Protein chains: 2
Amino acid sequence: MTESVSTEHVAAFRRFNRCFTRRIGVLNDHYLGQDRPLGEARLLFEIATAGGPDGISLRELRTRLGLDAGYLSRMTKRLQGRGMVVLSAHPEDNRLRMARLTPAGHAEVKEQNRRADALATGVLEGLAPDLRAQLTDAMTTAARLLRLAAITVKPVDAHAPDARTCLDAYADDLDARFPEGFDRSDLVAPEKVSGEAGAFFVAYEEDRPVGCGALRRLTPGAGEIKHVWVHPDARRLGLARRILQTLEAEALRRSWTVVRLDTHATLSEAQTMYRACGYTEIPAYGEHVYASHWFEKRLAP
Amino acid sequence: MTESVSTEHVAAFRRFNRCFTRRIGVLNDHYLGQDRPLGEARLLFEIATAGGPDGISLRELRTRLGLDAGYLSRMTKRLQGRGMVVLSAHPEDNRLRMARLTPAGHAEVKEQNRRADALATGVLEGLAPDLRAQLTDAMTTAARLLRLAAITVKPVDAHAPDARTCLDAYADDLDARFPEGFDRSDLVAPEKVSGEAGAFFVAYEEDRPVGCGALRRLTPGAGEIKHVWVHPDARRLGLARRILQTLEAEALRRSWTVVRLDTHATLSEAQTMYRACGYTEIPAYGEHVYASHWFEKRLAP
DNA sequence: CCGGTCCTTTGACTAGAGTCAAAGAATGAC
DNA sequence: GTCATTCTTTGACTCTAGTCAAAGGACCGG
């Protein structure tokens with residue numbers, strides 16, 4: 001994982017960067033902000049995509065776009081002046097202001113989308129259909145991997161809010177998937193995955209928790225992997241695999257030589273992943289109501 | 001070729017655009033222009049990469065970067081003031097000013113490169129080695145196809161300077177590759193590829209000619225493809241194939257039902273390409289000193 | 001109800017990016 | 001030599017983007 005990056009990979013990456021920013025990046029900005037400043041265009045777009053039915057708070061806009069409070073305040077006021085946006089107080093917290101698009105604002109965003117589509121279409125039209133498919137495939141792969149690369153998996157105290165958030169979502173997920181439902185008392189106690197006894201990891205995508213995984217001591221020298229979960233928005237990136245690798249590395253750091261895990265019959269994709277990651281099926285190693293398959297992997301430094 | 005672009009392709013393209021500009025684009029700019037304005041950083045980079053031994057003229061910089069003359073003038077003067085650049089008169093045309101990097105300027109560009117490398121490394125480090133390779137592969141493919149998409153193949157008068165430039169380079173190429181050399185009197189006369197008799201196409205990448213191809217009438221209803229050439233900088237993009245397709249479309253437009261071509265024994269990659277494009281080998285159809293293989297393709301509307 | 005914290009607004013700036021027009025110096029065609 | 005053209009320089013602007021600090025209203029815990 002931390003093997004040094006080869007210069008060829010760096011060179012390929014930079015070649016692409018240059019090519020892309022020159023050909024697309026510049027155009028992009030010019031297209032989007034054709035008759036209004038780019039900052040406003042971006043702001044409108046963000047309100048449209050991130051805003052719920054009540055709109056979105058200025059506070060959230062600020063953190064999402066990384067803007068200065070004063071700057072944002074002025075920009076929204078300008079947009080309000082042009083009738084693109086309405087500002088209202090937050091129903092519960094009067095310090096917050098909510099921004100919502102007006103019909104005119106929605107029309108503007110639609111026009112923005114039309115332009116962005118036109119830009120993409122213009123580029124793709126220059127290619128024969130089979131090459132178009134090749135290009136979009138490559139872009140989809142690249143986007144997937146770029147997202148994955150930006151996600152960090154960090155050890156976190158199992159009591160921390162981010163850990164609880166993930167486990168709650170995990171429990172809801174299982175409850176929906178298991179025919180018999182899922183009882184959250186089955187979740188591992190925080191003490192069992194803290195300190196000497198184990199560890200808890202949370203995956204963050206830009207400070208937002210998007211996955212988790214726990215490791216606990218089963219017997220001296222053997223660990224158990226539990227509660228590997230990935231947020232629906234972050235699935236199909238290969239994140240589960242990455243969390244698994246992190247947990248294995250942690251076990252190895254503690255000189256545990258084997259990790260085991262169990263899984264429910266309905267989770268067939270998970271089983272496929274475990275096998276692909278070097279896990280082999282073993283007989284039951286414990287009693288666990290939701291378990292129907294058991295796996296193990298020997299760790300080598 | 002001009003089949004309409006599917007919405008899924010457009011969506012994939014835009015998803016990637018968003019992902020890339022958010023994650024890399026912004027960083028890129030911040031990294032590069034860390035202690036100097038972004039415009040100056042870009043300018044330095046351009047002088048370093050596009051400048052020859054004598055430097056590069058302001059005129060060329062202007063067109064390459066699409067800058068206003070006054071803006072550029074001031075920027076170069078500022079760089080000169082900081083000892084990054086020296087300005088001198090063009091040896092032959094005293095209106096032109098040449099910009100060349102000083103050692104300090106080169107050091108600055110080196111530092112820029114170091115930062116860009118660090119950025120790329122930082123992203124790639126977040127991925128396991130096999131995924132790194134996947135990402136750079138995808139990026140290489142995408143860059144190749146983006147370049148190809150930006151190239152336009154246009155009909156051009158065979159007397160035009162761009163046509164002659166390409167044919168000169170083509171002749172030099174062949175002269176270097178054929179053991180017996182190449183005599184440029186073998187080049188087709190402009191009249192033979194004009195009007196009713198035929199057509200000449202030049203491929204442009206941002207107004208720079210990077211390839212060509214000719215079509216001429218062989219017999220009523222049959223065309224001959226000649227002088228398909230691609231600039232060394234634009235090889236391995238699939239441009240030759242594209243030029244070939246353009247020539248075939250032109251033949252079809254003239255209701256010619258078959259196209260033929262011959263090729264020299266040394267040009268084995270060309271032969272592979274012709275076969276891959278649906279050409280089949282046929283007996284000799286004419287006398288041509290440099291020909292050793294003959295191909296034909298029947299055209300269907 | 002008091003003090004600290006959070007969110008927004010406002011005023012006062014700075015710097016970068018870019019535009020436009022006028023003017024000056026060279027060049028090239030006639 | 002003259003005139004139109006081509007490049008560059010200069011002056012005078014505009015607009016966006018962004019920063020910083022002060023101030024004021026709202027909330028929350030004690």
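Note on naming: letters A, B, ... go to the chains in the order of the sequence lines (proteins, then strands), and numbering restarts at 1 for each one. Owing to the predicted nature of the structure, the values given are computational and were not obtained by experimental measurement.
In terms of phosphate contacts, A/Lys77 brings a side-chain nitrogen or oxygen within less than 4.0 Å of OP1 or OP2 of C/dT10. Taking only side-chain nitrogens and oxygens, A/Arg95 never comes nearer than 4.0 Å to OP1 or OP2 of D/dG24.
Looking at B/Thr102, its side chain does come within 3.5 Å of a backbone N or O of B/Gly83 through a donor-acceptor pair.
The 5' end of DNA chain D is approached more closely, in terms of each residue's nearest nucleotide, by B/Leu72 than by the other of B/Leu72 and A/Arg78.
Distance CG (A/Leu96) to P (D/dA26): 13 Å, rounded to an integer number of Å. Atom pair A/Asn94:CG and D/dC28:C1' shows a separation of 14 Å (rounding to whole Å applied). Between A/Asp93 atom CG and D/dA26 atom C1' the separation is 7 Å, expressed in whole Å. Atom pair B/Asp68:CG and D/dC7:P shows a separation of 15 Å (rounding to whole Å applied). Here the P atom of nucleotide C/dT10 and the CG atom of A/Leu87 are 11 Å apart, to the nearest Å. Put simply, OH on B/Tyr71 is 17 Å from C1' on D/dA12, counting in whole angstrom units. Distance, B/Met98 CE to D/dT9 P: 13 Å, rounded to whole Å. Atom-to-atom, CD of A/Glu92 to P of C/dC7 comes out at 15 Å; the value is rounded to the nearest Å.
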Point to revise | Residues B/Phe16, A/Phe16; criterion ring pair (Phe, Tyr, Trp, His ring centres under 6.0 Å); working and verdict | key: CA-CA 13 Å; B/Phe16 176 80; A/Phe16 176 79; 5.8 Å; yes
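Below 30°, between 30° and 60°, or above 60°: for A/His231 and A/Trp229 the angle between ring planes is above 60°, a perpendicular geometry.
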